[in-house]
Amino acid sequence: RQAQEILLQPLARRACLELARSALGEGLSSDQMLAIVERSEGNAFYLEELIRAVAESPLGSGLPKTVLGMIEARLARLHPDARRTLRAASIFGSSCWRNGVFALLGEEEEAHGSAFNMLLEAELLVRSNTRRFANEEEYTFRHELIREASYGMLTERDRRLGHRLAGAWLEKIGEIDPAILAEH
């Protein structure tokens with residue numbers, strides 16, 4: 001596949017302040033707002049996660065110092081069913097399929113359909129505009145770091161079992177790419 005790498009410059013401090021102010025309002029002091037902006041170092045994704053964390057709880061020194069730490073803290077606050085569903089989704093890679101995730105969980109859609117809705121509302125997963133498999137709802141992780149953090153929460157035993165089940169489901173649904181099947 002041909003990939004084109006685009007290097008993005010950090011957001012300007014002024015742009016970060018405007019984003020933070022528009023999302024959080026005037027409830028924070030200038031020093032608190034600057035602390036969020038400086039911690040983000042112009043990384044738009046990290047800034048967004050910092051803003052989410054501050055909006056959900058009062059600003060304190062307890063904010064994680066890394067992007068991955070911020071995501072892990074956010075995932076830890078999820079409902080257990082949503083967190084379990086997200087971990088199962090991460091086994092497939094950056095894209096997953098609703099029925100595939102349910103196959104990994106060993107449950108029907110009714111049991112975890114609301115968990116998918118929670119993940120969509122939390123903007124951790126997004127609906128894909130394309131469908132690799134007919135009649136299968138496809139989702140992607142909003143950011144690869146969200147997938148990485150979710151996958152990192154799995155035990156080695158769960159990873160092995162999950163990949164075996166994912167490979168079987170993909171084969172059953174019609175996946176023919178040997179490289180994709182070999183990943184699982």
Side-chain angles (χ1 to χ4, degrees), residues 1-78 82-83 85-98 100-101 115-133 137-154 159 166 177 179-180 183-184:
R1 300 180 191 186
Q2 290 187 345
Q4 182 177 3
E5 187 174 327
I6 300 172
L7 298 176
L8 300 175
Q9 296 297 316
L11 293 176
R13 185 177 184 174
R14 182 181 193 142
C16 290
L17 280 169
E18 286 179 33
L19 282 171
R21 215 172 266 118
S22 69
L24 297 170
E26 298 297 326
L28 296 178
S29 71
S30 295
D31 289 342
Q32 291 172 318
M33 202 69 76
L34 280 173
I36 293 169
V37 168
E38 287 175 10
R39 183 169 289 181
S40 75
E41 296 179 347
N43 181 311
F45 181 70
Y46 191 22
L47 177 62
E48 182 180 351
E49 292 300 319
L50 286 165
I51 289 169
R52 281 180 198 273
V54 169
E56 290 175 7
S57 64
L59 182 63
S61 60
L63 291 176
K65 296 196 182 310
T66 66
V67 179
L68 197 54
M70 181 64 64
I71 295 167
E72 288 169 350
R74 183 171 172 211
L75 297 183
R77 292 189 303 269
L78 286 174
R83 197 169 44 246
T85 301
L86 195 64
R87 286 192 311 255
S90 73
I91 290 170
F92 284 98
S94 57
S95 293
C96 65
W97 298 267
R98 193 177 185 99
V101 171
F116 254 94
N117 292 336
M118 284 186 251
L119 297 172
L120 291 169
E121 287 174 21
E123 297 178 333
L124 296 166
L125 290 178
V126 294
R127 282 187 173 86
S128 178
N129 293 332
T130 60
R131 287 191 180 203
R132 184 179 174 99
F133 305 113
E137 286 184 71
E138 187 169 339
Y139 299 86
T140 58
F141 282 83
R142 195 175 132 260
H143 196 284
E144 181 58 29
L145 287 174
I146 295 170
R147 187 227 166 239
E148 184 181 322
S150 302
Y151 191 77
M153 297 170 94
L154 292 165
R159 285 180 189 163
D177 186 334
I180 290 174
E183 286 179 36
H184 299 289

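What's counted below: heavy atoms across the whole structure, side chains too, no hydrogens, waters or symmetry copies. The shown structure was predicted, so the numbers you read here are calculated from the model rather than taken from an experiment.
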- Task: Could you grab the distance from atom CZ of Arg131 to atom CH2 of Trp97, nearest 0.5 Å is fine?
- Result: 12.5 Å
- Message: Between Ser94 and Thr140, is the side chain to side chain contact (heavy atoms under 4.5 Å, CB included) condition met? List the steps.
- Response: CA-CA 6 Å; Ser94 57; Thr140 58; 5.9 Å; no
- Test: Arg98 cationic atom under 6.0 Å from Tyr139 six-membered ring centre, within 45° of axis: no
- Query: Mind checking what makes side-chain contact (heavy atoms from CB on, under 4.5 Å) contact with Leu19, not counting sequence neighbours?
  - Reply: Leu11, Leu47
- Query: How far apart are the closest heavy atoms of Cys16 and Gly42, and which atoms are they?
  - Reply: SG-CA, 4.0 Å
- Do any N or O atoms from the side chain of Arg159 and from the backbone of Tyr151 form a donor-acceptor pair under 3.5 angstrom? yes
- Query: Does the pair Leu17 and Leu34 meet the rule for a side chain to side chain contact (heavy atoms under 4.5 Å, CB included), with working shown?
  - Reply: CA-CA 7 Å; Leu17 280 169; Leu34 280 173; 4.1 Å; yes
- Taking every non-hydrogen atom, the tightest pair across Ser150 and Leu75: OG-CD1, 3.6 Å
- Measure the CG-CZ distance between Asp177 and Arg132 for me, rounded to the nearest 0.5 Å. 6.0 Å
- Kindly indicate, with the supporting measurements, whether the criterion salt bridge (charged side-chain N to carboxylate O under 4.0 Å, His left out) is fulfilled by Glu18 and Arg21. CA-CA 5 Å; Glu18 286 179 33; Arg21 215 172 266 118; over 6 Å; no
- For Ile71 against Ala149, the heavy-atom pair lying closest together: CG2-CB, 3.7 Å
- Task: Kindly indicate, with the supporting measurements, whether the criterion side chain to side chain contact (heavy atoms under 4.5 Å, CB included) is fulfilled by Phe133 and Glu138.
- Result: CA-CA 8 Å; Phe133 305 113; Glu138 187 169 339; 5.8 Å; no
- Message: Return the CD to CG distance between Glu121 and Asn117, rounded to the nearest 0.5 Å.
- Response: 6.5 Å
- Message: Whether Arg74 and Glu48 form a salt bridge (side-chain N of Lys/Arg under 4.0 Å from carboxylate O of Asp/Glu) is what I want to check.
- Response: no
- Message: I'd like to check Phe45 versus Arg142 (side-chain heavy atoms, cut-off strictly below 4.5 Å). Are they in contact?
- Response: yes
- Ignoring hydrogens and angles, tell me if any N or O in the side chain of Arg83 forms a donor-acceptor pair with the backbone of Leu78 under 3.5 Å. yes
- Let me see the working for Glu41 and Tyr46 under side chain to side chain contact (heavy atoms under 4.5 Å, CB included), right down to the final yes or no. CA-CA 8 Å; Glu41 296 179 347; Tyr46 191 22; over 6 Å; no
- Looking only at non-hydrogen atoms, find the nearest pair between Phe92 and Ala166 and report the distance. CE2-CB, 3.7 Å
- Exercise: identify the closest heavy-atom pair between Leu120 and Leu125: CD2-O, 3.3 Å
- Item | Interatomic spacing from CG in Leu86 to CG in Leu119 - rounded to 0.5 Å | 5.0 Å
- Message: Measuring from atom OG of Ser90 to atom CG of Leu124, what distance do you get when rounded to the nearest 0.5 angstrom?
- Response: 12.0 Å
- Message: If I compare all heavy atoms of His184 with all of Ile91, which pair ends up nearest, and what's the gap?
- Response: CE1-O, 3.3 Å
- Note on the structure: The reported gap from CZ in Arg52 to CD in Glu123 (rounded to nearest 0.5 angstrom) is 4.5 Å
